[in-house]
Student: 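Could you have a look at this structure, given as structure tokens, before my questions?
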Amino acid sequence: MNARLFAIAALALSATTAPVFAAETNLKNLDFDLSKVTRENFYDIVVPAAKAEGTVTMYNFAGSFGDAWKELITRFEAKYGIKVEYSDVKGAQANQQLIAVQKAGEDAPVDAYFAGGGDYPLLSSAGVVGNIPLTSILPNMDHYDPAFAQSLFGKPHGGAYPLVHLNQTAIGYDSAFVKPEDLPKTFDELLAWAEKNPMRLGVTLPSKGGSGGGFIYSVALNYLTGECRTKLTDYTLTAEQAADWAMTSECLEPVWDYYRKLLSVAELTNGNADTLNLINNQQLYIGTVWEDQVMTFIRGKQLPDTFRLTLLENGQVGSGDAMFVPANAKHVAAAMLLIDMAIGKDFQAWKLENKASRSPRTDLTSNLVTPETAKYLLPSSVYPRLSAPAFWDMAKALGEALDEKVLSQ
Amino acid sequence: MSELEISNITKDYGATRALHPVSINVERGEFVTILGPSGCGKSTLLRILMGIARPSAGEIRLAGTRIDPLPPETRDIAMVFQSYALFPHMSVGKNLSFGLRMKNVPSPERARRIEHALEICNLTGLVERMPRQLSGGQQQRVALARAIVMQPRLLLFDEPLSNLDAKLRDTLRQELVYLHRRIGTTSIYVTHDQAEAMAMSDRIVVMDGGRVVETGTPLDLYRAPTRAFTAGFLGQTNLLTADADGTRARLPWGQLVALSAQAKGIARVSVRPETIAIRQDDTGAGTVTSVSFMGANALYTVGIAGTTLKVSQAGGESLIAAGSRVSLDFNGALHLLKDRELPEAA
Amino acid sequence: MQAALHDRKIQLALLLLPGVGYLVLFFGGPLVSALIGSLRLDDGSFTLQWYERIFTRATMLRGLQTSIYYGVAPVFVSLLVSIPLALLIRQNFWGRKLFNGLYKLPMAVPGIIVALMVIIMAERGGFIDRVIAPFGVSMPKLVRDEWGIGVILATVWKQIPFMTLIITSAFAGIPEDIRHAARSLGASRLNTFAFVEVPLAMPGITAAILLTFIGSMGSYAIPDIVGSPSPRPLSVLMLFEFGEGRFAQVYAMGMVLSLFAVVVLLAYYALTANIGVNRAKGDE
């Protein structure tokens, strides 16, 4: 009995200290030679390994993406015969779960994790992200946007944290109530419109929805100049440093001033969906939104078909979400294969048409979508021209400082 | 005009009639007991008097004023409950002042009346106690004091002594009688305890099955009940049938006796055990079946002509042994009842 | 002798184990670990910075106030409904049985469902608004309003059954004779209620107040969805901090909220003990 226990303990110990590739990779459970995989021989090596693994577990942090992944999974299972165990998760909680599992040296509960683009600094600093140069070795990433291939929002990831979905914060409006000539084109015009139409503009509270976080960062990008702007876009700042700066810097006075004026005439809402719901109820005419979420609401008849999108001059935050393989994943090959299919042109095109999900593929443009879908997308006159890169740690810091400096005063 | 006039009060609960038309008059200052077994309707009548139950028909006048439509708080009637019903969150003093405050009695008057009530109920020194800190007897005294401090026109008592032990019950019973003599408030006392009723009352109203059986002073009801129920409920009795002719009658075993009133044919009589004299007689018609020596008297049961008689013999020199043949003598006329039939269990 | 004593000690320990062990394991343990967690930096060193943030940041201080407000205000409104309701249920009326079953339903509805119901039904431009629009009236602002009216009403809706249930049994526990005694002593129905029934039902009423207060102070879903984005109560801010992975901050906020609940509980014990003591000092 004792001897058996000892044996199990010894096995467990050797398992945690075993990784042979420890030097070049942090992957715990590799069952094939990753270092030999190239874009050319990818399917030859990975497909048999993936089939041997037999299953792959996928997490999805974005509630509205469930049907898209269902579509992908159907295609994947049909093509490779590998079973996908799918779970919807809450991003913050799944992140903490993965961090805890990583600390304990246990196997990760997930192999392919669709996670927030803004979560990379947190996940990578905890060593959760598996070091796989996905953008260099996945065959379907041969037309991948170089802007995201090696780094994300200023943070290098070496191809391990590739975006598979781009999304764009925007200004959404009900064209039944906002005439084209009245449509604000700049942040100043937006404030002026709100003052003329009190309580008809909805601004999502930054800490409760990304459309609000994107908006406050966009406001800052618009009004800050010189050194202040340099600091605002300094991606080397940690979350704590960004929070300190946001809480103390004089630079942000114009932002607070803008919000003070704006919130005296606009409705602050409890989230992205809250804003859209108020527009659907015809209580608001303009609001801060996500382009892809708008499409989901349009398809669900939760927004009027007069709903349209635009971007304000000087740019609004665009972001994206990534799919990555955790370092302690059990089914690495199958996970890589799944990510490869997710970034494939077929699925990316389907995703744009059905979810207004933009693609990091350079060969996918909006003239591929049907006219019926196109009218609900951002017009090509503003996108991608006015898309500015996100800096979520800073956006969060601004959101918390807004609470402190403006809302609680 | 009587102080309290209860006229043809009835109470129906759905199809069940709890009170058949009941009429009782109570004179000013009188202490009247309503006596009866449980379920006889006495509590229902009390609730109607208090105002927490509405009569189905009939009317009640107190000092000439009709009160049956009035809510309890305007009736000038106070009640002492079996459960005491003290306010547990109030001290003795506050329990007593509650009613006076409700009736807006001015403070000096209030203090005077409370002091008086405490004194006559032997509660001096307990004014700050909470009810839970008092014994059962003290609690009942507080309940009494709380009622009399109101100086009501009518005092109602709902078996107030039945939760107390026997000894305390005797003491409090005497205190109540004394108290009533002192304050003279018209009182109605409800009980199922005939000893209590006889010891305290000016008059007893006997109730059974939602009806008044009969009314009278304790002495009259004991000596000369007109109903077998009364005779059986108030003390011990022997209920017999006799063959009557005028004021004379023949008992089942042939003995001739005198009757209290004229009758013809089958007559029903009540004979108290202590009115029968028993003597040893080898030719007598009866046989002693049991003897209980009680000290002041001896109780015999005598089998005679198929019935059993109870006989109480006081101050005898010696006891008659069970099994002895005896003959019985009836002192004076036997009391004639008005019942058509005798209750089985008598 | 020694051995026997020793045995007894062991026996005593064993006897106490289920009770004390349970408390330590499921109450003391988590509480202590949360306390320790709230006093640590990531590297394990001691800090008070998480508490400092709570008591220096305007957002947090307003959060604490808002928590108390969302705890207290619904209790008062619920009391105003629950007490008459408890009295009504005591009466006989047509359909009482059905009502008796129906009024308890909100207890079974989770807070988040209540919150979503409010959003769908009572939001401006929502279901009710659309129904009453033809009559020329519109809903007042109940969602995201400054005074948290929507939060309070939703919380009230949810807590009335529980409160009514406790208060009903508190009133039912008062012997009928005591009510009748009060009436016969000249107290009207109202005075009997105010001076006799309410004081006697007080232990039950205060227990109901306490339980609903603690419940609604800690509730999250309703203020998060129905409440104003600013200020947000501590419970909602806690969840936000949790999402940010700042566990130490979450622990510290939890400790403050728990401490507040404990203070209220102690105040409750002091108050209910006083009900007896003060009354004993009668002035007459």
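Numbers restart at 1 for each chain; the letters A, B, ... are given by sequence-line order, proteins then strands.
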Student: Can you confirm whether more than 12 heavy atoms, excluding those of B:Tyr13, are under 6.0 Å from its OH atom?
Tutor: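 Yes, the 6.0 Å shell around OH holds more than 12 heavy atoms from other groups.
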
Student: Counting N and O atoms only, with roles assigned by atom type, does the side chain of B:His89 sit under 3.5 Å from a partner on the main chain of C:Phe195, one being a donor and the other an acceptor?
Tutor: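 It does hold such a pair.
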
Student: Once rounded to the nearest 0.5 Å, what's the spacing between atom CG of C:Asn191 and atom CE of B:Met102?
Tutor: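 Here the interatomic distance stands at 4.5 Å.
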
Student: For C:Arg90, does the CZ atom have more than 12 heavy-atom neighbours from other residues, nucleotides or ligands under 6.0 Å away?
Tutor: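 For C:Arg90, atom CZ is crowded (more than 12 foreign heavy atoms under 6.0 Å).
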
Student: If you measure from CE on B:Met50 to NE2 on C:His180, what distance do you get to the nearest 0.5 Å?
Tutor: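 Separation between the atoms: 6.0 Å.
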
Student: Taking the side chain as every heavy atom from C-beta outward, state whether B:Phe98 and C:Val196 have any atom pair closer than 4.5 Å.
Tutor: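 In contact.
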
Student: Check whether more than 12 heavy atoms from other residues, nucleotides or ligands sit under 6.0 Å from atom CZ of B:Arg66, and answer yes or no.
Tutor: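 Yes, because the 6.0 Å sphere around CZ of B:Arg66 holds more than 12 heavy atoms from other groups.
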
Student: Might you confirm whether atom CD of B:Glu5 has over 12 heavy atoms from other residues, nucleotides or ligands at distances under 6.0 Å?
Tutor: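 More than 12 within 6.0 Å, yes.
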
Student: Which residues, numbered in order, of residues 66-76 of chain C come under 4.5 angstrom of chain B by heavy-atom distance?
Tutor: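 Answer by number: none.
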
Student: Can you tell which part of C:Arg179 gets under 4.5 Å to a heavy atom of chain B, answering side chain, backbone, both or neither?
Tutor: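 Interface part for C:Arg179: neither.
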
Student: For C:Phe27, which residues count as a ring-ring contact (aromatic ring centres under 6.0 Å, His included) partner, sequence neighbours excluded?
Tutor: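 Listed in chain order: nothing, the list is empty.
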
Student: At a heavy-atom separation under 4.5 Å, does B:Arg146 approach chain C through its side chain, its backbone, both, or neither?
Tutor: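 Looking at B:Arg146, backbone and side chain both touch chain C.
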
Student: Looking at B:Thr74, B:Ile77, B:Ile52, which has the largest count of heavy-atom pairs under 4.5 Å with chain C?
Tutor: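 Among B:Thr74, B:Ile77, B:Ile52, the one with the most close pairs to chain C is B:Ile52.
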
Student: First locate atom CD1 of C:Ile178, then atom CG of B:Leu86, and finally report the distance between them rounded to the nearest 0.5 Å.
Tutor: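 Rounded to the nearest 0.5 Å, the CD1-CG separation comes out at 7.5 Å.
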
Student: Report the residues that fulfil salt bridge (charged side-chain N to carboxylate O under 4.0 Å, His left out) with C:Arg62, sequence neighbours left out, ordered by chain and then residue number.
Tutor: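 Scan of C:Arg62 (salt bridge (charged side-chain N to carboxylate O under 4.0 Å, His left out), adjacent residues dropped) gives none.
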
Student: Holding to salt bridge (charged side-chain N to carboxylate O under 4.0 Å, His left out), I want the full list of residues that pass it with B:Glu73, two or more places apart in sequence or in another chain.
Tutor: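 C:Arg183.
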
Student: Which distance, rounded to the nearest 0.5 Å, do you find between the OG of C:Ser184 and the CG of B:Asp76?
Tutor: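 Answer for the OG-CG pair, C:Ser184 versus B:Asp76, is 11.0 Å.
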
